[in-house]
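Order of the sequence lines fixes the chain letters, A, B, ..., with proteins taken first and strands second; residue numbering starts at 1 for each chain. No experiment lies behind these values; they were computed from the predicted model shown.
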Amino acid sequence: MLNYWLIKSEPSSFSIEDLKAKPQQTDMWDGVRNYQARNIMMQEMKTGDRAFFYHSNANPPGIVAVVEIVSKEAYPDPSQFDKASKYYDPQSSVEKPRWYLVDVKFIQDLPFTSLESVKSNPKLKDMKLVQKGSRLSVQPVTHEEWNEIMKMTQSHVHSQQ
DNA sequence: GCCAACGTTGGC
DNA sequence: GCCAACGTTGGC
């Protein structure tokens, strides 16, 4: 069964425009260095799942697009072995990698849905995104939450016309 | 740039 | 295994 997710990126380091500029508009979701987020990618994400692309540390922060998980499964994040990378992890090894990633592909832009508007929608009050202290950069989204946000993006379109 | 909240590390 | 110290995230 298809599952939904939300993945965060700081646009100053990797924005949705950066993803769209990649070959096949696809890239490795590298640099995740949190076990909970890694475990979601390793154990729960499946090919064909969809995710909201969220711009964190942005002005304003919010959801900007839909992407799809396209790798067959999670595989070791090469940046952990790269001494020149800021994601280099000296405690990891090729024999026993610590960090895994999936490939994501751009699907479509969405009318911008701000964090503020998600917070102000009572139907979305249980989203991880709006829970106090929640910083998880790869997080699950329920079907209900997904549909509600899609509905919000539609209402944006109408109100702008 | 500040800082609250959270995760990780490492001494003991 | 506790927990203080430190590092990071991310909204504001």
Side-chain angles (χ1 to χ4, degrees), chain A residues 3-22 27-45 49-69 71 74-104 106-107 109-142 144-146 148-153 155-156 159:
Chain A
N3 284 310
Y4 295 118
W5 311 96
L6 180 146
I7 59 177
K8 298 180 185 174
S9 184
E10 301 194 17
S12 61
S13 73
F14 189 80
S15 74
I16 192 66
E17 298 306 321
D18 294 325
L19 180 62
K20 285 154 84 168
K22 295 284 177 183
D27 201 19
M28 298 185 286
W29 200 249
D30 63 359
V32 171
R33 295 294 181 268
N34 170 282
Y35 288 108
Q36 208 179 334
R38 180 204 69 176
N39 290 346
I40 287 174
M41 290 196 291
M42 284 181 78
Q43 299 161 12
E44 300 187 49
M45 278 184 168
D49 282 359
R50 297 271 168 127
F52 289 127
F53 194 111
Y54 177 87
H55 277 169
S56 61
N57 238 322
N59 190 16
I63 292 165
V64 295
V66 173
V67 299
E68 183 173 314
I69 312 308
S71 52
Y75 59 98
D77 180 344
S79 67
Q80 70 195 303
F81 311 125
D82 177 5
K83 281 189 175 141
S85 169
K86 65 172 172 173
Y87 299 124
Y88 176 65
D89 184 349
Q91 304 198 67
S92 186
S93 66
V94 177
E95 296 74 30
K96 205 174 177 189
R98 190 184 263 202
W99 305 110
Y100 283 69
L101 54 68
V102 296
D103 294 336
V104 301
F106 171 76
I107 298 296
D109 285 313
L110 290 176
F112 183 71
T113 304
S114 68
L115 174 61
E116 187 184 16
S117 64
V118 173
K119 277 183 173 169
S120 65
N121 185 336
K123 290 180 185 166
L124 300 176
K125 67 175 168 41
D126 292 330
M127 278 191 79
K128 291 260 190 312
L129 185 68
V130 300
Q131 278 159 26
K132 191 179 158 82
S134 171
R135 308 181 310 189
L136 198 57
S137 65
V138 175
Q139 55 178 258
V141 172
T142 68
E144 291 74 18
E145 289 160 354
W146 183 274
E148 182 61 22
I149 286 171
M150 284 305 200
K151 207 192 290 179
M152 288 168 72
T153 67
S155 68
H156 272 184
S159 64

Below 3.5 Å, can you tabulate the donor-acceptor pairs from side chains in residues 122-136 of chain A to any protein atom, sequence neighbours excluded?
{"unit_1": "Gln131(A)", "atom_1": "NE2", "unit_2": "Asp126(A)", "atom_2": "O", "d": "2.6"}
{"unit_1": "Ser134(A)", "atom_1": "OG", "unit_2": "Lys128(A)", "atom_2": "O", "d": "3.0"}

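Salt bridge status for Arg33(A) with Asp77(A): present, with a side-chain N to carboxylate O gap under 4.0 Å. A salt bridge does not link Lys119(A) with Glu116(A): none of the charged nitrogens is closer than 4.0 Å to a carboxylate oxygen.
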Go through the steps for Asn57(A) and Lys8(A) under the test side-chain contact (heavy atoms from CB on, under 4.5 Å), then give the verdict.
CA-CA 9 Å; Asn57(A) 238 322; Lys8(A) 298 180 185 174; over 6 Å; no
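Along DNA chain B, the nucleotide nearest Tyr35(A) and the nucleotide nearest Lys132(A) are compared for position; the residue whose nucleotide lies closer to the 5' end is Lys132(A). In this structure, Asn57(A) and Asn34(A) both approach DNA chain B, and ranking their closest nucleotides by distance from the 5' end singles out Asn57(A).
In this structure, Tyr35(A) has its ring center closer than 6.0 angstrom to the ring center of Trp99(A).
As judged by a 4.0 angstrom heavy-atom cut-off over every strand, Arg38(A) is placed among residues making no nucleic acid contact.
With a cutoff of under 4.0 Å to any heavy atom of chain A, the contacted region of DNA chain B is bounded 5' to 3' by dA5(B) to dT9(B).
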